[in-house]
Amino acid sequence: PPFALNRKKEYGNVNAAGYVEWLMPFAGEIRRVLRDDGSFVLDLGGTWNKGVPTRSLYHYEVALALTRNLFHLAQEFYWYNPSKLPSPAEWVTVRRIRVKDAVNTVWWFSKTEHPDADNRRVLTAYSESMEKLLENGYKAKQRPSGWDISENFSRRHEGAIPPNLLRIANTESNGQYQRACREAGLKVHPARFPYGLPEFFVRFLTRPGETVLDCFAGSNVTGRVSEDLERRWIVCELSEEYLAGSRFRFGDMAAPA
DNA sequence: ATGTTACCCGAAACAGAATG
DNA sequence: CATTCTGTTTCGGGTAACAT
């Protein structure tokens, strides 16, 4: 959904005060259509209290409200976008009393305590040092921190289990969607997901043939990802112009209706 | 009193082209 | 094929000046 930014984007943002009240009706409907073992993933960027260099707690208020009686919090993730600009400028680059804000919280909610999930679908390559460790062997013993590390630790699996910090740069500049929008004179959506973000959660939390819903679709990266991963998908978007542009993600180069 | 616009400030990543 | 270069992108904030 749109974040509670002080500087509004062209699609219009909601203020931090009242954000929970605004979001709750959507959350209720999402719960209604969600399978019992389904997941609800919510990407919420942070924001600042107007006029002062202190942080709003609105995204935590959202999490508290949603876990009161609608959802369980399965896990929280952080999307780290290393290519974020050093902003907000007033506090970060002018007065230099804060550092740049480069993570979004991504809340993973579920209807029951055991949503369908499998981290073997999102394994990553082993790090260089883990590769060395697997090559040279590993001495099983109790570590100083108290961890009991067994021989099993030197077994090579299919890959490394990812952390809940997702490092995904958002720098795409010349994709099919952007080029086609420019040619057609349609506005490029000003806040798109990098492909890898929805990809991670669709892989992790759904299986082929299952259905993904994005009710704040924007330029429909989620739909494109779901299509590629052979999931069924349904998206909603308020702006017909963004929806028209999103058709370019599917090779539909005809002038959108 | 309230809304609008211009201005200011700056770091890193990455795709794709060019070069070695 | 590996490296280097080029162009483009990124869910901002306050403030001053001006308009309604």
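This is a predicted model, so every value here is computed, not measured.
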Residues in residues 8-22 of chain A with a heavy atom under 4.0 Å of DNA chain C, by number, are A:Lys9, A:Tyr11
>> Side chains of A:Arg156 and A:Glu131, heavy atoms from C-beta outward: is any pair under 4.5 Å?
In response: yes
Original post:
Contact class for A:Gly218 vs. all strands (heavy atom < 4.0 Å): base, sugar-phosphate, or nothing?
Top reply: nothing
From CD1 of A:Ile97 across to P of C:dG14 the rounded distance in Å is 11 Å
Rounded to whole Å, CZ of A:Arg179 lies from P of C:dT8 at a distance of 13 Å
A:Gln178 has its side chain closest, among C:dC11, B:dC9, C:dT9, to C:dT9
Looking only at side-chain N and O atoms, does A:Arg192 come under 4.0 Å of OP1 or OP2 in C:dT10? yes
Hits for side chain to side chain donor-acceptor pair (under 3.5 Å) against A:Arg182, two or more places apart or cross-chain, chain-then-number order -> none
Query raised in the report: Using a cut-off of 4.0 Å on non-hydrogen atoms, how would the nucleic acid contact of A:Pro1 be classed: base, sugar-phosphate, or nothing?
Result: base
DNA chain C nearest-nucleotide lookup for A:Val188 and A:Trp91: closer to the 5′ end is A:Val188
A:Phe3 CZ to C:dT10 P, in whole Å, measures 14 Å
note: A:Asp101, atom CG; B:dG10, atom P; distance rounded to Å ~ 19 Å
Report each atom pair, protein N/O against N/O of nucleotides 17-20 of chain C, whose distance is under 3.5 angstrom.
none

Sequence neighbours excluded, the answer for side chain to side chain donor-acceptor pair (under 3.5 Å) partners of A:Thr206 is A:Arg231
Rounded to whole Å, the NZ-C1' distance (A:Lys50 to C:dG14) equals 8 Å
| Within-4.5 Å side-chain heavy-atom neighbours: A:Gln178 and A:Glu172 | yes
Distances under 3.5 Å only, N/O to N/O: pair up the protein atoms with those of nucleotides 2-8 of chain B.
none

Check your understanding: Rounding to the closest angstrom, what is the interatomic distance between C:dC11 and B:dC8 at atom P?
Key -> 24 Å
Of C:dC11, C:dT15, C:dT9, the nucleotide closest to the side chain of A:Arg182 is C:dT9
task: Kindly confirm or rule out a cation-pi arrangement of A:Arg249 over A:Tyr177, judged by NZ or CZ under 6.0 Å from the six-membered ring centre and within 45° of its axis?
output: yes
Checklist entry - Cluster question for you: counting only ILVMFWY and a side-chain heavy-atom cut-off of under 4.5 Å, with indirect links fine, are A:Trp147 and A:Tyr138 together? => result yes
Just checking A:Phe250 against A:Trp233, ring centres under 6.0 Å apart? yes
Sequence neighbours excluded, the answer for side chain to side chain donor-acceptor pair (under 3.5 Å) partners of A:Ser154 is none
- Task: Name the nucleic acid region contacted by A:Asn104, choosing base, sugar-phosphate or nothing; use a 4.0 angstrom heavy-atom cut-off, strictly under.
- Result: nothing
Show the distances under 3.5 angstrom between N or O atoms of the protein and N or O atoms of nucleotides 11-16 of chain B.
unit_1	atom_1	unit_2	atom_2	d
B:dA13	OP1	A:Arg167	NH2	3.0
B:dC14	O4'	A:Thr171	OG1	3.2

Encoded 5' to 3' (Watson-Crick or G-U under 3.5 Å; [ ] crossing; | other strand), DNA chain B becomes |||||||||.||||||||||
| message | Are the side chains of A:Lys84 and A:Asn81 in contact, using a 4.5 Å heavy-atom criterion? | response | yes
From the list A:Phe109, A:Trp107, A:Phe40, A:Phe77, ring-ring contact (aromatic ring centres under 6.0 Å, His included) partner of A:Phe201 resolves to A:Phe77
Besides A:Leu213, the hydrophobic cluster formed by Ile, Leu, Val, Met, Phe, Trp and Tyr side chains linked at under 4.5 Å, directly or via other members, contains A:Val33, A:Ile234
Applying ring pair (Phe, Tyr, Trp, His ring centres under 6.0 Å) to A:Trp79 and not counting sequence neighbours gives none
Hits for side chain to side chain contact (heavy atoms under 4.5 Å, CB included) against A:Thr124, two or more places apart or cross-chain, chain-then-number order -> A:Ala160, A:Pro162
Is there a side-chain hydrogen bond (donor to acceptor under 3.5 Å, both in side chains) between A:Asp36 and A:Thr112 once you walk through the steps?
CA-CA 6 Å; A:Asp36 283 344; A:Thr112 62; over 6 Å; no
What about A:Phe3 and A:Tyr19, are their ring centers closer than 6.0 Å?
-> no
For A:Asp43, the salt bridge (charged side-chain N to carboxylate O under 4.0 Å, His left out) test, sequence neighbours excluded, returns none
### Message
Hydrogens and angles aside, do A:Asp214 and A:Thr222 bring a side-chain donor and acceptor to less than 3.5 Å of each other?
### Response
yes
